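Before any comments, here is the structure.
Residue numbers begin at 1 in each chain, while the letters A, B, ... track the order of the sequences. It should be emphasised that the depicted structure is a prediction, and the values quoted were computed from it without experimental measurement.
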Amino acid sequence: MVSQEEIQAAESRAGGIRSGRAPRRAALPPLVRHLLWALLAFAVVVAVSSVVDPFTNVRVATVGYLLLAAAGLTVLTGLTGQVSLGHGAFLFVGAYTVALLVTHVPSLPFWADLLIAAAVSGVAGVLTGAAAARLHGPYLAGATLALAVGLPAITQRFPDFLGGSNGLGFTVNSMPAGLDVPTTRWQAWVVWATVLLGMVVLANITSGRVGREMRAVRDDEVSAALAGIRVGRTKVLAFLVSAVCGGLAGGLQAFLLGTAAPGSFTPALSLTLLAAVVLGGVGSLWGALWGALALVALQAGAEELAHGLSLRTDVANFLPLAIFGVVLIVVVLVLPQGIHGLLRKIPLRRRKDSHVEG
Amino acid sequence: MLKARIIGLSALLLLSACGGAGETDPGGGGAASGVKNETAGITDTSIVIGTHQPLTGPAASGYASISAGSRAVYSYVNDAGGINGRKIDYRVEDDGYNPTKTVEVVKKLVLQDQVFAVVGGLGTPTHSKVLDFLTAEGVPDVLVSSGALAWDDPAARPMTYGFQVDYTRESKILGKYVKKNLAGKKVGVLYQNDDVGRDAQAGLDQFVKDAVVSRQPYDSANTDVLPQLTALKGAGAEVVVCECVPAFTALAVLTSARLGYKPQFVVNSIGADTRTLSGLLSAFSKQAGAEVSPSALLTGMIGAGYLPGVDTDDPWITLFKEIHQRYIPDVPLTNTLVSGMAQAYTFAQAVKLAGRDLTRSKLLEAMSSGSLSGPGMTPFAFSKDSHAGYTGAFVFTVSPDLTPKVVQEPMVTDRGTGPITAAPTARRTPAEVALVG
Amino acid sequence: MPDFLTLTLGGLTNGAIYAALGLALVIIYRATRVVNFAQPALALLCAYLAYSVNRATGGYWLGLLVALVAGGVLGALTERVLMRPLRRSGELAPVIATLGLLMLLQAVSGMIWSAEPKSFPYAFDFRGAFSPAAVFVVVVVLVTAGAVLALFGATTLGLRMRAAAFKPEVASLVGVKVGLMLTIGWTLAAVVGALAGVLAAPPFLSPTVLDAVFVYALTAAVLGGLENPVGTIIGGFGLGVVLSYVSGYVGPELVTLASLAILVLVLTFRPHGLFGRGVARRV
C-alpha cells in the first residue's frame, strides 16, 4: 500500500486533476469554462480539417474517437483506480449498436443512433461495474481481459444477426443535403462535435463532487468509506461513465469507417487504449488527448519508417509493433507521468492548465 | 447566452437529423457511380498500386507470403523495363486482418497515396468493408484474394473483380468428385465457421447432402480441433471434407492421427497447399515414428487446385521458380506464394492490355475483355456480366513423394446450380503472354 | 457426439499448459505483486530458440534445455533492467512496462522467425487418447508444480523469497537480500514459463500462438487465486477440461465466452479466486 500512496503523492505533486481547489476566476462557472474550451477546440479542429488532405481528416477523426475512449478509461483507471484491460468491449457494444441501427432502422438519424449506442453501452458498463465492484488489482484486470476476449465471440453465436466473423459493413449517411464539404472533413466535424460534448460532460463530472469521490476511492477505499462515500456505487458509476464514453467512441468509429467486426475488437485494442492513457498521462483528461494524439502519430510514423527504410520484409512488417513496445517501456521508465507530466514541467503550460482544471 | 453556445456546438450533430443514417444518400455515392480520376496514380514512368494484407497478427501465419510473391513478380517486371515504360510501385499496407484497420489503410492508399488501383486485397471480413468506399471513389479493385461470392456483382460493384475460384464453385466440383468416386461412403464436413464454410457447403450439398453424417465447424481462433475430429470419428465418417485454411487442414490431419482415425481427406484449394502442409507436418516423425511423416500423413489426400502446383513442370511454375530464386530465395516456395505471383502476373497482364494511354476505365475494359489468361488451369469468368475469377478447378491426390497427381482434369462450372463441364485445354504459356521483353 | 473420455483427456492436456503458464504468473505475483503480461512473449522467444536448436540438432531435449536456460536469463534481465526501477511506481506502471516488453519481444520473434507458422515437435509420440506426449506434459507440469511448492514451503530459500515479497523491510533487517530474492523469483518464473512455452508450442509455432494460452493461464490463475500455486494448478486443469466440454458439446466458438462466464461466476462469490484469501480491505 505504501507504494500506492507514494504514487498518488507524486501524482498530486506533479499535478493530476486536483480537487477542491477554489476556481481562480469565480466569475466563470466550470460548465461555461469547459464549454468555451470545447468551442475553441472545435474551432481548431474545423480550421485544421479545412487545410489538410482528405486522409489526414480520417486521422483527425481517429484522434477524436480515441480521445473519447481514452478519456473514459482515464475516469475509470486514472481517477477511480480500477485497472481495466477490457475497455474495447464497450467500443464493441457501441459499434455494433450503431451498425445494427443503421442496417435495421435506417430511418433513424445518426445522432439518435449514437444516443442509443451510449445508452446500451451504459447498461453494459453498469452490469460490468456491478460484477467488478468487489474485485481488486489483478483480479479485476483478469476479469476485464476475459471480457475483452469473450464478448466479441457472441458474433459467432448469432452469425445471421451479427454477421459472424465477417461482421457488418454499412455506410452511414449523415451529411445534410445542400452542404458541400468533402466527406472525410464532415466526418471529422461530426466525430469531434460529439467528442467535445462528451469531454465537457466528463470535465464537469470529474471537477465536481463525483470526481472527488472517485479520487477518494482510488486513494484509499477504507478512508473513503469512513468519510461516507459509497465505494461500490462510485465504482459502478465510474464504469458507467467510462462505458458510455467507450460506446460512443465505438459508435463514432463505426460511423467513420463503416464497419463493425469482431476482428476489430481484440484484446490488443483494449491494451492499446490503456497504453494510450498511460502514454498521455494517467489521471488527467488532458493525458487522454496527448495519448490519443501520440497513438495515431506513432502508428503513422512507425509505418512510414517501416516503408521508408529498405529492410527485410519480416523486419519491416514487425517494426511498428517493436517501436510501440519500446515507446511504452521508455515512457514508463523515464516519464512516469506521461506526456502530460512532461508538458507540466514547462512553466508556461502550467499556468494555462490551471485554468482548465481549477 | 450559454444555451446559445451549447446549441451552437450541438447544431452540427442535429444537422444530421436531416436524414436517416441508414438511408442511401440520394445526392452521390451509391452503386451507379463509375470510374473517377481516370489517371490517378499514373505518370509516364510509374503506376502506384496498393493492397491490404495481414502481415502481422494471428492471420499473418499463412498469408504474409502472398504479397512477397506479388512483389517479386513486380520487381521482375520492373527490372525488365516495366509495362509500357511504367514501373509498378506496389504499396503493401498491413491491416492485421482487422477490418477497422483495413478501412483506414485503404483510405490512406486511395486518398493519400492516390493509388491507381487496389490489387489483391486479402480476406473476406476485411475487404468486404471497403467495397462501398472503393465503389464510391471509383477506384478499380481487382483480383481480390478471397473466394467469397461478393466480389462478383458487376451491377452494384462495377469496380470489383475476384481472382481465385470461389468457394462454391470448387466445392461443387469436389462434391461431384466425391459422389462419383467415393460413392456410398459416409461423409463428414469440417468447415471454417465463416463464408468459407458457408459458401463451400452450398456447393458441396448439391451432390453429397444425403451422404453427410456430421458437420463440424471450427473457429480460426481456437486451434484445438480434437472435439470436432472426435465427433466426426464417432459419426463414422469415412470421408472428411475439409473446408479449411492450411493450418487447420494440418491440424485436422494431425488430430486424426492422434485419434487413430483414418478418413479419406478431401480438401478445398486454399487448404490443400501440399508444400505448406508438408512443411507444417515436418517435425513429428522424429519423435513419433515414420507413420506421422508428412508423406505418411498426406499420401492419398484429395485436393482441389486452380493454379499449377509448385511440384509440376508447368511452364508458369518454371518462370515463377526463376523469379523466386532471383528475388526472394529465403521465402519458402509454396502454392500460397505462387498464388501471389500469379495474381501479380495477371494484373500486369491487364495493365499491358489496357495499353500505353492507361486509364482506370481502360484497365477495367481490359479486365472484362475476356483476353486475360494466364497461370490458372481454367479460364477467368471476367466479362461484362461477370466479375468472378477462375471458374473451376482440377482434382488431385497426393503421391508418396508429396507431389500432386491430377486425377480429374480441370472442370468449370458456375456459382449456382449449373452443370460441371470440362475446361478448355488450351492455356497460354508465359512466352505467349509475353509480359516483358 | 464427441466421446466424453477423449474430451476429458484432451482437456487435461490443454489444462496442464494453462496451469504451467499460470504457475509462472503466480510465482512472479507472489514475489513482486506484479502480473507479468510479458510472460507469453518471454515463453515465445524461448520456444523459438528451442525450435532453432531442434532444427539444428534434430533432437528435442537440447532445445528444451536451451529454452529453459534462456528463460532464466531473460527473466533475470527483465527483473533487473525493467522491473526494479518500477518497484515503487504503483499498480499501472508494471502492467504497461510488461505490455511494452510483450510487444517488443513478439515483434523481435516475428522479425527473426517470420510470421509463418513453424512445425514444432512433441516430446514423444502424440498418438492415442492419452498419448506419451500428453502424459509427458501432465507429468512434467505436476512435477514442476510440486518442486515449486516444495521450494516455497520447505526450503530456506523459499522462506526468504516469501519474506522478501511480503515483508521486505523486516526481511532486509534480518539479512535477507531482498533484491536478490526478487531476481530469483523472476528467474524461476521465467524458467517455468519457458517450459510452458515449449509444451504449448506444438504443433505449430507462430508469434501469436501463446496469446490465447496466456489469456486462459491468467484466467486459471485468477480462478485459483493469484497467490495460491495449488489453486492455480487446479484452476488450469479445471478450466482446460470444462472448456474442452464446452467446445465439444456446445460449440467451439463459445469457448472464450464460457471462460468469461466461469470467471464472472466464480469471482462474484469469491472475489479473490476459489482458493485465494482476500486481504480484508473493508473495516
Which atoms of [X] come close to chain C, meaning under 4.5 Å heavy atom to heavy atom: side chain ones, backbone ones, both, or neither?
X        : value
A/Thr77  : side chain
A/Leu85  : side chain
A/Val315 : both
A/Val83  : side chain
A/Ala143 : both

Quiz prompt | Shortest non-hydrogen separation from A/Asp314 to C/Ser114 and the atoms involved | solution =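 Nearest heavy atoms, A/Asp314 then C/Ser114: OD2-CB, 3.2 Å.
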
Quiz item: What are the two closest heavy atoms between C/Val222 and A/Gly142, and how far apart are they?
Solution: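 Taking C/Val222 first and A/Gly142 second, the nearest heavy atoms are CG2-CA, 4.2 Å.
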
Quiz item: Taking atom CZ of C/Arg84 as the centre, does the number of heavy atoms from other residues, nucleotides or ligands within less than 6.0 Å exceed 12?
Solution: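 Atom CZ in C/Arg84 is crowded, with more than 12 foreign heavy atoms closer than 6.0 Å.
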
Quiz item: Should we say atom CZ of C/Arg162 is surrounded by more than 12 heavy atoms from elsewhere, each under 6.0 Å from it?
Solution: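 No, because the 6.0 Å sphere around CZ of C/Arg162 holds 12 heavy atoms or fewer from other groups.
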
Self-check item: Among the listed options A/Thr313, A/Asn317, A/Val278, A/Val331, the residue most often paired with chain C at heavy-atom distances under 4.5 Å
Solution: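 The residue among A/Thr313, A/Asn317, A/Val278, A/Val331 with the greatest pair count is A/Val278.
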
Tell me, side chain or backbone of [X] under 4.5 Å from chain A's heavy atoms, or both, or neither?
X        : answer
C/Val266 : neither
C/Leu257 : both
C/Tyr216 : neither
C/Val95  : side chain

Can you tell me how far the [atom1] atom of [X] sits from the [atom2] atom of [Y], to the nearest 0.5 Å?
X        : Y        : atom1 : atom2 : value
C/Phe214 : A/Leu145 : CZ    : CG    : 7.0 Å
A/Phe324 : C/Leu99  : CZ    : CG    : 9.0 Å
C/Thr268 : A/Arg134 : OG1   : CZ    : 8.0 Å
A/His136 : C/Leu226 : NE2   : CG    : 14.0 Å
A/Leu271 : C/Met103 : CG    : CE    : 6.5 Å
A/Ile329 : C/Leu101 : CD1   : CG    : 5.0 Å

Quiz prompt | Derivation of the side-chain contact (heavy atoms from CB on, under 4.5 Å) call for A/Val149 and C/Leu260 | solution = CA-CA 8 Å; A/Val149 176; C/Leu260 171 66; over 6 Å; no

Practice problem: With a 4.5 Å cut-off on heavy-atom pairs, point out which of C/Leu25, C/Leu86, C/Val255, C/Val34 contacts chain A the most. | Solution: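 Top count of heavy-atom pairs under 4.5 Å with chain A: C/Leu86.
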
Practice problem: Count the heavy-atom pairs under 4.5 Å between each of C/Ile112, C/Thr98, C/Leu263 and chain A, then report the option with the highest count. | Solution: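 Among C/Ile112, C/Thr98, C/Leu263, the one with the most close pairs to chain A is C/Leu263.
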
Could you tell me if the side chain of [Y] sits less than 4.5 Å from the side chain of [X], heavy atoms only?
X        : Y        : result
C/Pro207 : A/Phe318 : yes
A/Leu319 : C/Met111 : yes
A/Val277 : C/Leu92  : no

Quiz prompt | Ring geometry between C/His272 and A/Tyr139 (parallel below 30°, tilted from 30 to 60°, perpendicular above 60°) | solution =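 Answer is perpendicular, since the angle exceeds 60°.
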
